[in-house]
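Heads up: the structure comes next, in structure tokens.
Whatever order the structure lists them in is the order used to number ligands and atoms, beginning at 1.
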Amino acid sequence: MSSKSLRRIIRDATSQDISRCLGCSDCDTAHPDQDIPLGSLIQLAAMDDEEALQSRTLWSDSVLVAARGSCQRGLDLHKIMLSLREEARQRGLHD
Ligand code: SF4
């Protein structure tokens, strides 16, 4: 397992600091292929919880498209999702 936290991995890869996420749910949209709301996914990642890497939400392409520009705090959720997908692959959690 990586010794870096998910927050640090995202920051290094995207310059986005997910500790700025307020859990406000403004980025949440209903997609049938997600299991948790996108805001919850970001909160899990901020807590360095590997559940974030295994969530169906992370691998939903419709959520990925909708994520662009959806954060009211200015976080680039599209970039953040892509970096989390990459980390999941590196940890062998996804093909
Ligand atoms: S809109 Fe931004 S700040 Fe709000 S829950 Fe989503 S990621 Fe967090």
Side-chain angles (χ1 to χ4, degrees):
M1 183 187 285
S2 169
S3 57
K4 281 203 267 184
S5 68
L6 291 174
R7 185 176 72 82
R8 175 91 183 270
I9 287 164
I10 290 168
R11 198 191 63 197
D12 289 352
T14 71
S15 299
Q16 303 295 302
D17 183 358
I18 59 171
S19 66
R20 293 178 57 227
C21 172
L22 298 174
C24 65
S25 304
D26 284 352
C27 58
D28 294 345
T29 47
H31 291 280
D33 51 349
Q34 71 181 17
D35 51 0
I36 58 173
L38 180 55
S40 300
L41 174 75
I42 302 302
Q43 291 276 302
L44 281 173
M47 292 186 287
D48 199 29
D49 189 328
E50 208 168 62
E51 280 287 312
L53 302 181
Q54 294 168 304
S55 160
R56 286 175 54 216
T57 303
L58 180 59
W59 302 96
S60 163
D61 287 335
S62 56
V63 173
L64 182 66
V65 170
R68 207 184 281 276
S70 67
C71 176
Q72 307 307 308
R73 294 275 290 168
L75 289 169
D76 187 333
L77 297 180
H78 188 265
K79 272 191 192 169
I80 290 168
M81 283 183 71
L82 290 178
S83 69
L84 285 171
R85 285 185 180 192
E86 178 59 28
E87 181 62 15
R89 289 191 187 97
Q90 286 191 16
R91 294 187 187 186
L93 298 172
H94 204 276
D95 295 334

### Query
Which protein atoms of type N, O or S are found under 2.8 Å from atom 8 (Fe) of ligand 1?
Cys21 SG
### Query
Are Leu38 and Leu22 connected, step by step, through hydrophobic side chains (Ile, Leu, Val, Met, Phe, Trp, Tyr) whose heavy atoms are closer than 4.5 Å?
no
### Task
Please identify which atoms of ligand 1 are closer than 4.0 Å to at least one heavy atom of Leu77.
7 (S)
For residues 63-70, please give each side-chain donor-acceptor pair under 3.5 Å, one per line with the distance, not counting sequence neighbours.
from	atom 1	to	atom 2	distance (Å)
Arg68	NH2	His78	NE2	3.1
Ser70	OG	Ala67	O	2.9

### Query
So, Arg7 and Asp48, do they make that salt bridge, N to O below 4.0 Å?
no
### Residue pair Leu58 / Ala52: nearest heavy atoms and the distance that separates them
CD2-O, 3.5 Å
### Query
Gln16 and Asp76: which non-hydrogen atoms are nearest, and at how many Å?
OE1-N, 2.9 Å
### Query
Given Leu6, which of Ile80, Leu53, Leu44 fulfils the side-chain contact (heavy atoms from CB on, under 4.5 Å) condition?
Leu53
